[in-house]
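What follows is one structure encoded as structure tokens, with my remarks underneath.
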Amino acid sequence: MNLNESKKIIIKAVSKILNKKIKNTENLTLIGKDSPFDSMKLVEVCVTLEDIAEKNGFEFEWTSAATMSKSSSIFRNINSLAEEFYNQSKPR
């Protein structure tokens with residue numbers, strides 16, 4: 001998987017949960033007042049990504065203290081989530 005593939009996976013998961021195609025995908029805010037998500041929908045995205053990760057042979061960790069930190073949150077936007085998903089997919 002490369003970063004571009006990771007972005008496509010994230011965009012597809014987000015579109016599925018929102019039940020619509022999304023515009024301005026790379027900078028779509030995932031948390032905060034400008035987000036189209038409530039907390040349950042964001043959890044749905046994360047569970048979907050866990051399933052995709054498992055099918056691709058890695059574990060997607062989204063509940064750690066580091067990922068939940070507001071200043072460096074992986075949930076800032078599509079790009080930040082895609083980057084984290086991609087980084088976690090790399091063999092260690």
Side-chain angles (χ1 to χ4, degrees):
M1 172 185 315
N2 62 38
L3 183 56
N4 194 39
E5 291 169 331
S6 178
K7 284 181 186 179
K8 287 179 183 179
I9 289 169
I10 303 300
I11 290 167
K12 185 175 180 180
V14 166
S15 293
K16 180 181 176 185
I17 300 303
L18 290 177
N19 200 27
K20 65 179 181 178
K21 283 198 165 200
I22 52 175
K23 296 180 181 179
N24 192 20
T25 56
E26 293 186 3
N27 294 315
L28 178 71
T29 303
L30 300 177
I31 58 172
K33 66 179 178 126
D34 296 326
S35 172
F37 293 100
D38 60 22
S39 58
M40 290 305 296
K41 287 188 192 266
L42 189 56
V43 168
E44 285 182 59
V45 169
C46 292
V47 170
T48 298
L49 295 176
E50 282 181 338
D51 292 342
I52 293 167
E54 184 177 330
K55 289 177 185 172
N56 285 282
F58 70 98
E59 184 177 334
F60 179 59
E61 173 57 55
W62 57 275
T63 60
S64 71
T67 58
M68 300 309 268
S69 167
K70 194 147 184 143
S71 64
S72 62
S73 174
I74 64 171
F75 302 111
R76 287 186 315 270
N77 56 44
I78 295 286
N79 278 338
S80 60
L81 185 55
E83 287 172 10
E84 184 64 24
F85 191 77
Y86 167 67
N87 287 334
Q88 290 188 28
S89 74
K90 295 178 188 176
R92 294 175 193 212

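What you are looking at is a predicted structure, and each value in this text was computed from that prediction instead of being measured. All residue numbers in this chain count up from 1 along the given sequence.
Around NZ of Lys90, the count of heavy atoms belonging to other residues, nucleotides or ligands within 6.0 Å exceeds 12.
Between the CG atom of Asn56 and the CD atom of Glu5 there is a distance of 9.0 Å, given to the nearest 0.5 Å. Once rounded to the nearest 0.5 Å, the distance linking CG of Asn87 with CZ of Phe58 reads 10.0 Å. Expressed to the nearest 0.5 Å, how far CG of Leu81 lies from CD1 of Ile74 amounts to 5.5 Å.
Thr29 places none of its side-chain heavy atoms less than 4.5 Å from the side chain of Arg76. Taking 4.5 Å as the limit, some side-chain heavy atom of Ser73 sits within range of a side-chain heavy atom of Ile31.
Minimum interatomic distance between Glu59 and Ala53 (heavy atoms only, all atoms of both residues): C-CB, 4.4 Å. Considering every non-hydrogen atom in both Ala82 and Ser6, the closest pair reads O-OG, 2.7 Å. When all heavy atoms are compared, the tightest approach of Met1 to Ile9 is CE-CD1, 3.8 Å.
Looking at residues two or more places apart in sequence or on another chain, you find a side-chain hydrogen bond (donor to acceptor under 3.5 Å, both in side chains) between Glu50 and Trp62.
A donor-acceptor pair under 3.5 Å links the side-chain atoms of Ser80 to the main chain of Asn77, judged by distance alone. Using modelled atom types, no side-chain atom of Gln88 and backbone atom of Phe85 make a donor-acceptor pair closer than 3.5 Å. Panel note: side chain Glu84, backbone Tyr86; no donor-acceptor pair is recorded below 3.5 Å.
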With a cut-off of 3.5 Å and sequence neighbours excluded, list every side-chain donor-acceptor pair involving residues 34-49.
residue : atom : partner : partner atom : Å
Ser35   : OG   : Leu30   : O            : 2.9
Ser35   : OG   : Phe37   : N            : 3.0
Asp38   : OD1  : Met40   : N            : 3.2
Asp38   : OD1  : Lys41   : N            : 2.8
Thr48   : OG1  : Glu44   : O            : 2.9

